[in-house]
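In what follows, every chain begins at residue 1, and chains take the letters A, B, ... in the order their sequences are listed.
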Number of protein chains: 2
Amino acid sequence: MTFSGTPWPECGIARFLTLLDGPWATLIIRELLTGPARFTELRDALTGISAHTLTNRLRRFETYGLVTRTVYAEIPPRVVYELTASGEALRPVLEAMNTWAATVPMIDAESAVPLPASCVTGATEPASA
Amino acid sequence: MTFSGTPWPECGIARFLTLLDGPWATLIIRELLTGPARFTELRDALTGISAHTLTNRLRRFETYGLVTRTVYAEIPPRVVYELTASGEALRPVLEAMNTWAATVPMIDAESAVPLPASCVTGATEPASA
DNA sequence: TGCACTAGTTACGTCAACTGCACTAATGGA
DNA sequence: TCCATTAGTGCAGTTGACGTAACTAGTGCA
């Protein structure tokens, strides 16, 4: 696909997808919606995510003002990530996703799962908050 | 990440992401929300998508009951894709995305865009419907 | 002294997703 | 006769996202 012009899509949906692409991004927001969290807390909650990916996503979120990054000059270091108002505003979106997913017929997913090799495994909690 | 157990995540958000992963999936739904569409219509609307990818997404959607696929035995063939009730139910989700994106501060995206090389370019219409 | 801890960064390798091109069937039009 | 059309499929090639491992600083603890 690659951007073939504007780096900031006009379409809101596309913009959303640009910022929250990949399965991890949204899941990180989900975790953060339950309250501020430290780096390791997020990494533990998101079973399977690598520090690499987590750092990347968090940095992007920070760049776009979705989360704040607070460094406490302690030993050992402590970094707390917290949603900004903009990040908090994602709650209705995640809730809508959750609501929708609840209505999707389960089908015999065991047999018919041409799903991507990506996506969640841990799914700590329903985050229906 | 890869599934390390259940193919059907408990968390609704994860489930949503499983079905609508990648930037294209959601964009296809967006197109379909404006009404039924043929294969080529979708391909034209989604500038940059390959027939391959479009077919894959559409097949997955069909498998999970998000769209219906109607084949008209004409020459040349005509295939129409239409959202089911389940697919239609995604409208609030996309709307929430759109609403949220409208509130995101633009920042000087030109300089600070550590965004993925994926995502939209065409963005036919805001789909704010 | 040496290991553990946190919150990363960097290099490196892998693997899957995606793209492009070619090709199909059956028919209408030039 | 040849090309265009639709809705794909198959093959090959590329990209880039993601994971693993190693490494950092400064201090606490054994």
K.L.:
Between D:dC18 atom C1' and A:Ile49 atom CD1, what is the distance in whole Å?
P.N.:
10 Å
K.L.:
Using modelled atom types only, decide if a donor and an acceptor are shared between the side chain of B:Arg91 and the backbone of B:Leu33 within a distance under 3.5 Å.
P.N.:
yes
K.L.:
Tell me the interatomic distance from B:Arg57, atom CZ, to D:dG8, atom P, rounded to whole angstroms.
P.N.:
15 Å
K.L.:
Paired with D:dA30: which nucleotide, if any, by Watson-Crick or G-U wobble criteria at under 3.5 Å for both distances?
P.N.:
C:dT1
K.L.:
A:Tyr81 side chain: which of C:dG8, C:dT27, C:dA11 is closest?
P.N.:
C:dG8
K.L.:
Below 4.0 angstrom from OP1 or OP2 of D:dG19, is there any side-chain N or O of A:Thr53?
P.N.:
yes
K.L.:
Between B:Glu41 and B:Pro36, which heavy-atom pair has the shortest distance, and what is it?
P.N.:
OE1-O, 4.3 Å
K.L.:
Mind calculating the distance between CG (A:Asn56) and P (D:dC18) to the nearest angstrom?
P.N.:
8 Å
K.L.:
Closest approach to the side chain of A:Thr40, judged atom by atom: which nucleotide of C:dA7, C:dT9, D:dC18 is it?
P.N.:
C:dA7
K.L.:
Using a 3.5 Å distance criterion without hydrogens, assess whether the side chain of A:Ser86 forms a donor-acceptor pair with backbone atoms of B:Val104.
P.N.:
no
K.L.:
So if I take every side-chain heavy atom of B:Ala51 and compare against C:dC18, C:dT9, D:dG8, which nucleotide ends up nearest?
P.N.:
D:dG8
K.L.:
Without swapping roles, check the side chain of B:Thr53 against the backbone of B:Ile49 for a donor-acceptor pair under 3.5 Å.
P.N.:
no
K.L.:
Please give, in whole Å, the distance from D:dA17 C1' to A:Trp24 CH2?
P.N.:
13 Å
K.L.:
Check every atom of D:dG19, C:dC18, C:dA26 against the side chain of B:Ile75 and return the nucleotide holding the closest atom.
P.N.:
C:dA26
K.L.:
Nearest-Å distance, CD (B:Glu74) to C1' (D:dT5)?
P.N.:
12 Å
K.L.:
Of the nucleotides D:dT5, D:dC11, D:dG26, which has the atom closest to the B:Pro76 side chain?
P.N.:
D:dT5
K.L.:
Please report the distance, rounded to the nearest Å, between CZ in A:Arg69 and P in C:dT6.
P.N.:
16 Å
K.L.:
Starting at CZ of A:Phe39 and ending at C1' of D:dT24, how long is that distance when rounded to a whole Å?
P.N.:
14 Å
K.L.:
Expressed as a whole number of angstroms, how long is the span from B:Leu54:CG to C:dA17:C1'?
P.N.:
15 Å
K.L.:
Could you check which of C:dA11, D:dT9, D:dT6 has an atom nearest any side-chain atom of A:His52?
P.N.:
C:dA11
K.L.:
I want to check one thing: is the phosphate of C:dT6, taken as OP1 and OP2, less than 4.0 Å away from some side-chain N or O of A:Arg43?
P.N.:
no
K.L.:
Please confirm whether the backbone N or O of B:Val79 pairs with a side-chain atom of B:Arg38, one donor and one acceptor, at under 3.5 Å?
P.N.:
no
K.L.:
Does a side-chain N or O of B:Arg78 approach OP1 or OP2 of D:dA7 to a distance below 4.0 Å, or not?
P.N.:
no
K.L.:
So, is A:Arg38 close to the C:dA7 phosphate, meaning a side-chain N or O under 4.0 Å from OP1 or OP2?
P.N.:
yes
